[in-house]
Amino acid sequence: MQIATPYLMFLGDVPDRLAAKTAYGIVDWRPDWCVGQVRLPGCAADLGLPDLTIAQGVEKGARTLIVGVVNAGGVLPDHWIATIVAAIEAGLDVASGLHTRLGAVPAIAEAAGRTGRQLHDVRHSDQRFDTGKGTKRPGRRLLTVGTDCSVGKKYTVLALETGMRAHGFDADFRATGQTGVFISGRGVAIDAVVADFISGAVEWISPAAAPEHWDLIEGQGSLFHPSFAGVSLGLLHGAQPDAFVICHEPTRTTMRGVQHPLPSIQEVIDLTVRCGRLTNPEIRPVGIAVNTQALAEDEARALLARLAAEHDLPATDPVRFGVEAIVERLAALYPAGVSR
C-alpha cells in the first residue's frame, strides 16, 4: 500500500503513552510528515504536536488521518467513528493499524465510497503475493534479526538508513510491520500474510534493484521464538540478505510471552547464517545492535565493548550511540556501494 503524506495523527482518548506507541514511532522517525494531532477529551497521550481540529489539519496540508493507536483486540471504539467520518468528508484518506477493518464500519465505508477517499488497513493487505522463488535478484539487502521480539529491529534499520545515506550509500528502508509502513508510507505487515506467501511478499517488498542499491529490511520476531519463528524464517528467505545485524536486549532472560530462554547472540548468528544460505550463500553478520536503555552509560559502553571483542563485530546502541561503526564496517566490506 502507498499512504499519502503529510499525516494528521489521531489519538482518540487513549489512556497512556503505550497505547499510542505506533503514533510515537511515526513522530520519532518522520516528524516532518506530521502536521498535528487530534485528541478526544480524556486522552492521556501527547505527541508534542499542535492540537488541531480536522479542518485545521486539512488547512495545514494533511492528506491522511492516521489512527496511530493500539489496544486489546485491535478494535475501533464506536465513539471514534464520528471523527474518522468527519476526516473523510473533509477530504482526508484514513489509515489504521487496528485489526478492525475501516471498511467494515458501515458509516466509514459509506463516507469513503461517497467521497472517493482511500481507506488503508495496514494490518490487512489487498495485494496478491506469489510464493517465494528464492532466485537471486540484483541489488543488495540488509536484514535486522533478533534474539527476541521487540528488541529494536525497526529502530536499528531506520537508524542505518539515515547513517548509510549520510555515508554515500543508496539505501532505502523497507517496512514489514504496521508502524514501519506508516513511517515509510509503503510496505506490508508481514505477520498478517498467509504463511505460504511470506517469502514471496518480502520478495515483492524488496524487488530487483540496481547492483549497489541497498534495501534495509525491517526484521520481525526471532528464529528462536516458538510463537513467531515461522514469520522470521519466511522473512529471512524472502529478503535473501547479503548482510544482517543482530538486535538484542541484555536484561531479558526469557523471550517475551513464553518461558523459553533467550538465545545467545552467537546462536542467532549461527542459525541465521545456516538458514539464510538457502537463498543467499554470501550472507554474513555486520554488526550487533543492543538496546541499553536499562543500563547506565558506563555499563552500556562496557557491555558493547565486550560484545564487539567476543564476536569481532561492531556493537552499538543505535539510539544512544549511533550506527557509525556498523556503517563503516559495511563501507569496508562493500566499497562499491559508497558514492563518495
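Here, residue 1 is the first one in the sequence, and each next residue gets the next number. The analysis underlying the following values was restricted to heavy atoms, covering all of them including side chains, and did not include hydrogens, waters or symmetry mates.
- In this structure, Ala45 and Arg17 approach most closely via the heavy-atom pair CB-CA, 4.4 Å.
- Among all heavy-atom pairs drawn from Pro6 and Val35, the shortest one is CB-CG1, 3.7 Å.
- To the nearest 0.5 angstrom, Arg39 atom CZ is 9.5 Å from Leu49 atom CG.
- Note on Val151: it does not cluster hydrophobically with Leu223, by side-chain heavy-atom contacts below 4.5 Å among ILVMFWY residues.
- Within the structure, salt bridge (Lys or Arg N to Asp or Glu O under 4.0 Å) contacts touching residues 24-37 (residues at least two apart or in different chains) are Arg30-Glu161.
- Linking Ile, Leu, Val, Met, Phe, Trp and Tyr whenever their side-chain heavy atoms come within less than 4.5 Å puts Ile288 and Ile217 in one cluster.
- Between Gln178 and Thr22, some side-chain heavy-atom pair lies under the 4.5 Å cut-off.
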Please tabulate, for side-chain N and O atoms in residues 60-69, each donor-acceptor pair with protein atoms closer than 3.5 Å (sequence neighbours left out).
residue: Thr64; atom: OG1; partner: Ala4; partner atom: O; Å: 2.6

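- Contact annotation: the side chain of Arg123 never approaches that of Asp121 to less than 4.5 Å [non-hydrogen atoms, C-beta and beyond].
- The local environment of CG in Asp78 is sparse, with at most 12 non-hydrogen atoms from other residues, nucleotides or ligands closer than 6.0 Å.
- With 3.5 Å as the limit, one finds a donor-acceptor pair spanning the side chains of Thr147 and His248.
- The closest side-chain heavy-atom distance from Thr316 to Val290 is not below 4.5 Å.
- For Thr156, there are no side-chain hydrogen bond (donor to acceptor under 3.5 Å, both in side chains) partners two or more places apart in sequence or in a different chain.
- Pairing each heavy atom of Leu11 with each of Ala20, the nearest pair is CD2-CB, 4.0 Å.
- Partners of Asp130 by side-chain contact (heavy atoms from CB on, under 4.5 Å), not counting sequence neighbours, listed by chain and number: Lys133.
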Q. Checking side-chain hydrogen bond (donor to acceptor under 3.5 Å, both in side chains) for the pair Ser206/Arg174: CA distance, chi angles, key distance, verdict?
A. CA-CA 7 Å; Ser206 175; Arg174 301 299 184 191; 5.3 Å; no
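- By the side-chain hydrogen bond (donor to acceptor under 3.5 Å, both in side chains) test, Arg274 pairs with no residue at all, sequence neighbours left out.
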Anything under 3.5 Å between a donor and an acceptor, one on a side chain of residues 256-263, the other on a protein residue two or more places apart or in another chain? List them.
none

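- Listed by chain and number, the residues in a side-chain contact (heavy atoms from CB on, under 4.5 Å) with Ala107 are Ile81, Val85 (sequence neighbours excluded).
- Contacts classified as ring pair (Phe, Tyr, Trp, His ring centres under 6.0 Å) and involving residues 16-51 (residues at least two apart or in different chains) are given here: Tyr7-Trp33, Trp29-Tyr155.
- We find the CG-OG1 distance between Leu143 and Thr176 to be 8.0 Å, quoted to the nearest 0.5 Å.
- Annotation: the span from Glu59 atom CD to Ile54 atom CD1 amounts to 12.0 Å, rounded to 0.5 Å.
- A 4.5 Å side-chain heavy-atom check between Ile183 and Thr179 finds at least one atom pair inside the cut-off.
- Residue pairs meeting the salt bridge (Lys or Arg N to Asp or Glu O under 4.0 Å) criterion with at least one partner in residues 279-297, sequence neighbours excluded, are Glu297-Arg301.
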Q) Would Phe228 and Ser222 satisfy side-chain contact (heavy atoms from CB on, under 4.5 Å), going step by step from the backbone distance to the final call? A) CA-CA 6 Å; Phe228 310 118; Ser222 170; over 6 Å; no
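- The minimum heavy-atom distance between Ala289 and Pro318, with the atom names listed, is CB-CG, 3.7 Å.
- Within the structure, every pair that satisfies the salt bridge (Lys or Arg N to Asp or Glu O under 4.0 Å) test and touches residues 83-112, not counting sequence neighbours, is listed here: Glu89-Arg114, Asp93-Arg117, Glu110-Arg114.
- Within the structure, the salt bridge (Lys or Arg N to Asp or Glu O under 4.0 Å) test picks out the following pairs touching residues 240-254 (sequence neighbours left out): Arg140-Asp242, Asp148-Arg252.
- More than 12 heavy atoms of other residues, nucleotides or ligands shown are found within 6.0 angstrom of CD on Glu324.
- Considering only heavy atoms from C-beta on, Val122 comes within 4.5 Å of Ile3 through its side chain.
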Q: Begin with the C-alpha distance, continue with both residues' side-chain angles, and end with the deciding distance and a verdict on side-chain hydrogen bond (donor to acceptor under 3.5 Å, both in side chains) for Asp51 and Gln37.
A: CA-CA 5 Å; Asp51 283 296; Gln37 63 186 9; 3.1 Å; yes
(Q) Apply side-chain contact (heavy atoms from CB on, under 4.5 Å) to residues Ile326 and Glu328 and explain how you reach the verdict. (A) CA-CA 5 Å; Ile326 298 176; Glu328 288 178 354; over 6 Å; no
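- Residues Ile246 and Phe244 are in side-chain contact: their nearest non-hydrogen atoms beyond the backbone lie under 4.5 Å apart.
- Listed here is the closest heavy atom pair of Met9 and Cys34: SD-SG, 4.0 Å.
- By the side-chain contact (heavy atoms from CB on, under 4.5 Å) test, Ala243 is found to be paired with Leu142, Trp214, Val286, Leu330, Tyr334, residues two or more places apart in sequence or in another chain being considered.
- For the atom pair CG of Leu307 and CG of Asp312, the computed distance is 12.5 Å after rounding to the nearest 0.5 Å.
- When every heavy atom of Ile198 is checked against every heavy atom of Leu235, the shortest pair comes out as CG2-N, 3.7 Å.
- Residues Pro285 and Val245 fail the side-chain proximity criterion, which asks for heavy atoms closer than 4.5 Å.
- Between Asp172 and Arg186, the closest side-chain pair of non-hydrogen atoms falls below 4.5 Å.
- Val145 and Leu278 are members of different hydrophobic clusters when ILVMFWY side chains are connected at heavy-atom separations under 4.5 Å.
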